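Here the structure is a predicted model, which means the values were calculated and not measured. In what follows, chains are A, B, ... by sequence order, proteins preceding strands, each numbered from 1.
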There are 4 protein chains.
Amino acid sequence: MNDATIGKKSASIFVLEIKLFMYYSDYLQLDKILGAQNLESDKQDKHAHDEMLFIVIHQTYELWFKQIIFEARTVHAILAKPSINDNSPELQTAVRRLNRVIEILKVLVHQIDVLETMTSLDFLDFRDMLRPASGFQSMQFKEFEALLGLKMEARHGKEYYTSQLRPDDTQKVQDHSKTPSLLELMNEWLERLPFFDNNELWMGWEGMNFWYVYRELYLQSLGEGEKKNIEVFDEMFMTDESREGRSLSDKARRAALFIFLYRDYPILQNPFRLINQLLEIDELLATWRWRHVNMVSRMIGMRVGTGGSTGKGYLREAALKHYVFSEFAELSSFLIERNKLPKLTPALEKEMGFRH
Amino acid sequence: MNDATIGKKSASIFVLEIKLFMYYSDYLQLDKILGAQNLESDKQDKHAHDEMLFIVIHQTYELWFKQIIFEARTVHAILAKPSINDNSPELQTAVRRLNRVIEILKVLVHQIDVLETMTSLDFLDFRDMLRPASGFQSMQFKEFEALLGLKMEARHGKEYYTSQLRPDDTQKVQDHSKTPSLLELMNEWLERLPFFDNNELWMGWEGMNFWYVYRELYLQSLGEGEKKNIEVFDEMFMTDESREGRSLSDKARRAALFIFLYRDYPILQNPFRLINQLLEIDELLATWRWRHVNMVSRMIGMRVGTGGSTGKGYLREAALKHYVFSEFAELSSFLIERNKLPKLTPALEKEMGFRH
Amino acid sequence: MNDATIGKKSASIFVLEIKLFMYYSDYLQLDKILGAQNLESDKQDKHAHDEMLFIVIHQTYELWFKQIIFEARTVHAILAKPSINDNSPELQTAVRRLNRVIEILKVLVHQIDVLETMTSLDFLDFRDMLRPASGFQSMQFKEFEALLGLKMEARHGKEYYTSQLRPDDTQKVQDHSKTPSLLELMNEWLERLPFFDNNELWMGWEGMNFWYVYRELYLQSLGEGEKKNIEVFDEMFMTDESREGRSLSDKARRAALFIFLYRDYPILQNPFRLINQLLEIDELLATWRWRHVNMVSRMIGMRVGTGGSTGKGYLREAALKHYVFSEFAELSSFLIERNKLPKLTPALEKEMGFRH
Amino acid sequence: MNDATIGKKSASIFVLEIKLFMYYSDYLQLDKILGAQNLESDKQDKHAHDEMLFIVIHQTYELWFKQIIFEARTVHAILAKPSINDNSPELQTAVRRLNRVIEILKVLVHQIDVLETMTSLDFLDFRDMLRPASGFQSMQFKEFEALLGLKMEARHGKEYYTSQLRPDDTQKVQDHSKTPSLLELMNEWLERLPFFDNNELWMGWEGMNFWYVYRELYLQSLGEGEKKNIEVFDEMFMTDESREGRSLSDKARRAALFIFLYRDYPILQNPFRLINQLLEIDELLATWRWRHVNMVSRMIGMRVGTGGSTGKGYLREAALKHYVFSEFAELSSFLIERNKLPKLTPALEKEMGFRH
């Protein structure tokens, strides 16, 4: 495709031919992407320079939301399988996909720096023109929250879901809330971790079950003022009763605690990574909301957001309450020092090792 | 200092001579810096690998705290002057120093990523050996908070200040709290901004005072449900009475609002930057505390911190309450659209411009 | 728009009504933005999971390129004015816009972390399907380079501009190269800085011109092995001859050096910021290219890029050669210590100060 | 240690008692850390404000260097073992330690932002007082480079090692260069990967050896202009001859390529991570040097560094040449598409899986 030779062809032939080749701008559909910025302030003949940034940054957010939903869905698909072959790449794939989600979330947090180059006075130039649209209406973000495990009943400001969303969008949030979430899939996957089913494997500490031994060691590890923690331990790990308001069963919780404690065994490494990634995603979303609150607070002071909510208040409460994986974070309270851990029985060790 | 020539000299002469030259490791006193890591776990013969990171990262934090205090003090000195010559570099210097503080705070937030490579189990290996020491005891951080304007009475968890600090340190925090803070110095500096003293300058809007005109425009800008804001406006800008619990006087607040509104006039640019930098410092400290809460929450779950406090609870409350400059952030609520701003009188404009 | 009231309306009326309101997804044209990802691997029925990331990240890059071009053009418009009133907000606006460009470039550098979650094997799954499209074909990036001041003759790999671009795109790069660049506008703006015209103002150091005095001080500041630098100084600042291969005239260069030296005078602060921002943009673009080289190097090893160029080689050379503002960076070589600077005459000081 | 009870004790008893407790400032030896900043400009009675930053930032760099060396040495110890039990946590530990090194290196790159708040004029205030000390004299950094695998003969500017270092430091660099590096340990570890020894395991593709089959597939994957690559392939993977200037043997290289290709098998995941981490360390060091070059270039223009070298030139060449792990990066050139990979024999698969 040399300049000189092309010159000799007629334009119409050229157009035909070029389509056979892949070209960067066609492949990326840049006509759509770069043609989707119509400033409301321009339509009203009151050009506000900073509106372009406002549009572009939200569009990049939405593109990234699409990507993290795309990744998260494949993780769902893997965890939703009746069983995951430890020798297959599946768990590893889930870990790598979540790692990508984490890297993207870091960029999303970073992007707030760009939005902070817009001052309140700059925003005022076009702010009223956007009412009642608001970031609250980002359906992709709500879908991502739901994919993780944020249920409708746990969402802050439920009234906004009817007052600020189109009815079909309200319905969509409801629907997302009903499909199995990552948290639920994790619970089920933890419950069915194969060697956890085999009760025999868990005996062998001088005739006792591992968990009774561990409970005793945990009790010993508690300082004077902490003894009451054993009651929480019993309630969380030893009852096998389902409890209102809990997402993890005792069985799943034991599996997760075991993973925390013996994470260095090869077979537990990916499970350990997985749980930690979920905690990191929780943290990053919390940080994103938090920085968002602080920015909005500086930008609009004590006023209400474009959507009519007190944007700042909503974000602040969401930052404080919308953790999805805190039941995993709580497990840290029930660890004991590594050098006091019960040594695993050969039977259990064999179960967890490489054949080699 | 060539290798070959040196070879000819006796060792003892060489040692003498080298001292005359500046050498990197001497200049930086690396013997002290790199010789200050004694692992408690080593002393107790229970080497815990991650304790080195724990020590080193805290030492880097303290080095950076020293630097930001060093910078902040020079900003204090500038603002504490009876008057700042607008034609001198002083205000500009203050802006550049605070900018450095901001860049350092960004690194401090980032460093939490490094600490997060330590898991709860790794931390447990040496955690109990450190009791009751805790990050709460960082006197430099408390000094920095006080330099900004955090008063003893506004600190969360006042009981920790006696239970967890050595008496002389408790006293130091009390003392820091009494010296003029950046917030107080800003208030005084805003109050004495020169052309604000001259009442005549503020007349000239068809015989009215600027602030009455502005008040009217602000009232017009309020939407249906917002009309009550005018009462807050009156209380904050129009009374000139001092009020319990407020750090800024009405006079200072008017000056700050004027700076927000007319920031593009050359003489107001550095003041505008200054206020924004203080807001950014508030934000970065809040983000640092916030990320800290999340990390601690993952690291120690629901347990108490090494210092006996519920570390997580303390940090969370501090993150939510220890804002120092929120009275500046609130000003955003009282802006009006740029195109509706009262045009300044020639007299006022002249006052604010370059002679050139 | 309350849920209860909406319920009473028929669906068709509702649709009509909702269009009167602004809605987030309409405002952002999310149908276009989120509908522009068609995986080539899907078309060929060989779904490659990572192609989605590849498309999305490039689309975010292009959105940001649109934004930085949008900002840069307004800076051009400001600097292209016959004169900039120091008392107007114009220069300040230019500084703030470039600051935004800088914050965006930092995000662009950061985004490479996301692309690095794709491994070479993942890329191989769809790489051949994209040929001969390549990032080299990003017209917006080339436009941004040209807006800064990268001329056609300074571009590395000129042959690619005909072999890899559509003829109309080749032409566009040529055209961009001809419009006045930021570097050229800066040169002209520096040349016409008002008080630089007035020769009288520059006399007054015991009858001598400032620049002769400065030249002497610079000569004194040079160490033994550095004396030859004075010839370079003479060539760069004292000749007023235009020279092949130089973008800044001696006059502009003197103005810039003066700004570096006396930047603390209020009137020189924004000019100082402006020059530093251009240097920072140069640095960030170089870092972006550099990280890009390293990533590509890991991703495709020693192979040629999808566009047929040795992608890595091109990027590496561009990273090393495509600096636009290095003539400003060089000025650092000609500074002297602050405490040795000639004290400005009252006449000159007056010229540069605030009237107040 | 309650305030009320303490009040009753005499001061001297208290001092005795407090020593029994751990206190933050004692634990961290803050007296040493915060007492190690003596400004040279103060000694010479020419206080230069920015010298404090210069000292503090270099001290934080050295603290972090201490930490990354500490981590790297434990990775050495693991890889230096005659064999690593795949079922032990060792490899996993190595991966986690290198991950920490990577997070620290990211902070080190970020810190350059802080140094960039110092302008050339600020630096000039104390620059000459430091001569001939320079960052080149950081022995820890040189040790870290050597630990990775940078040999004396590969270092740029060998003359500086005698002209700018104290003789004992020159010797230390030489010594570091002789101890086994991470690159050498990786080579040996790859060579002895257990199932690579067993020739039988590698047969079974219709009677052929895996590598002949792979070679054929690679050849088929090459495009028209790329056919010559097969010669490079043969030289790199098929000869088993040692070659001048190569750090990896053919055997190690085959193992590494196999890891790249079949990384999803559980037993290959940590090896794959390990190699990628080394590449990332290479990249981060290159980026650190690169940003350093750009900063120095802006700071001192074309002048020589404080150590007498042309600091900028040295850093630039080091950035371009001091890659340690590029032989791993090159492997990307020899991959084929995943869907064309030879299916592993059951015998080989069994060898690599979990027992479970």
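Considering only heavy-atom pairs separated by less than 4.5 Å from chain D, the leading option among B/Asp113, B/Thr119, B/Leu28 is B/Leu28. If you tally non-hydrogen atom pairs under 4.5 Å between each of B/Val56, B/Ile33, B/Asp31 and chain D, the highest count goes to B/Ile33. Comparing D/His49, D/Gln59, D/Gln67 by heavy-atom pairs within less than 4.5 Å of chain B, the highest count is held by D/His49. Chain B forms more heavy-atom pairs under 4.5 Å with one residue of D/Met139, D/Glu116, D/Gln140, D/Met129 than with any other, namely D/Gln140. Ranked by heavy-atom pairs under 4.5 Å with chain B, the first of D/His110, D/Glu159, D/Glu103, D/Lys32 is D/His110. Heavy-atom pairs under 4.5 Å with chain D peak, among B/Leu53, B/Asp169, B/Ile57, at B/Leu53.
Heavy atoms of B/Leu30 lying under 4.5 Å from chain D belong exclusively to its side chain. Of the atoms belonging to B/Ile102, not a single heavy atom falls under 4.5 Å from chain D. When heavy atoms are compared at a cutoff of 4.5 Å, B/Asn38 approaches chain D by way of both its backbone and its side chain. When heavy atoms are compared at a cutoff of 4.5 Å, D/Thr74 approaches chain B solely by way of its side chain, counted from C-beta outward. Proximity to chain D (any heavy atom under 4.5 Å) is restricted, for B/Ser25, to the side chain, taken from C-beta onward.
Taking the six-membered ring where the residue is Trp, D/Phe70 and B/His47 present perpendicular rings, their angle passing 60° and hence far from 30°.
We find the CD-CG distance between D/Gln137 and B/Asp26 to be 9.0 Å, quoted to the nearest 0.5 Å.
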* Asked: Given the rule in the side-chain contact (heavy atoms from CB on, under 4.5 Å) test, do B/Leu165 and D/Tyr23 qualify, once you have shown the distances and angles that lead to the verdict?
  -> CA-CA 9 Å; B/Leu165 298 184; D/Tyr23 203 68; 3.8 Å; yes
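Looking at residues two or more places apart in sequence or on another chain, you find a side-chain hydrogen bond (donor to acceptor under 3.5 Å, both in side chains) between B/Glu90 and B/Lys81, B/Ser88. By the salt bridge (Lys or Arg N to Asp or Glu O under 4.0 Å) test, D/Arg100 pairs with B/Asp50, D/Glu71, sequence neighbours left out.
Between B/Pro132 and D/Met22, the shortest heavy-atom distance links the atoms CD-O, 3.5 Å. Among all heavy-atom pairs drawn from D/Leu63 and B/Leu63, the shortest one is CD1-CD1, 3.5 Å. Minimum interatomic distance between D/Thr117 and B/Asn99 (heavy atoms only, all atoms of both residues): CG2-ND2, 4.2 Å.
Using a 3.5 Å distance cut-off with no hydrogens or angles, the side chains of B/Glu62 and D/Tyr24 do pair a donor with an acceptor.
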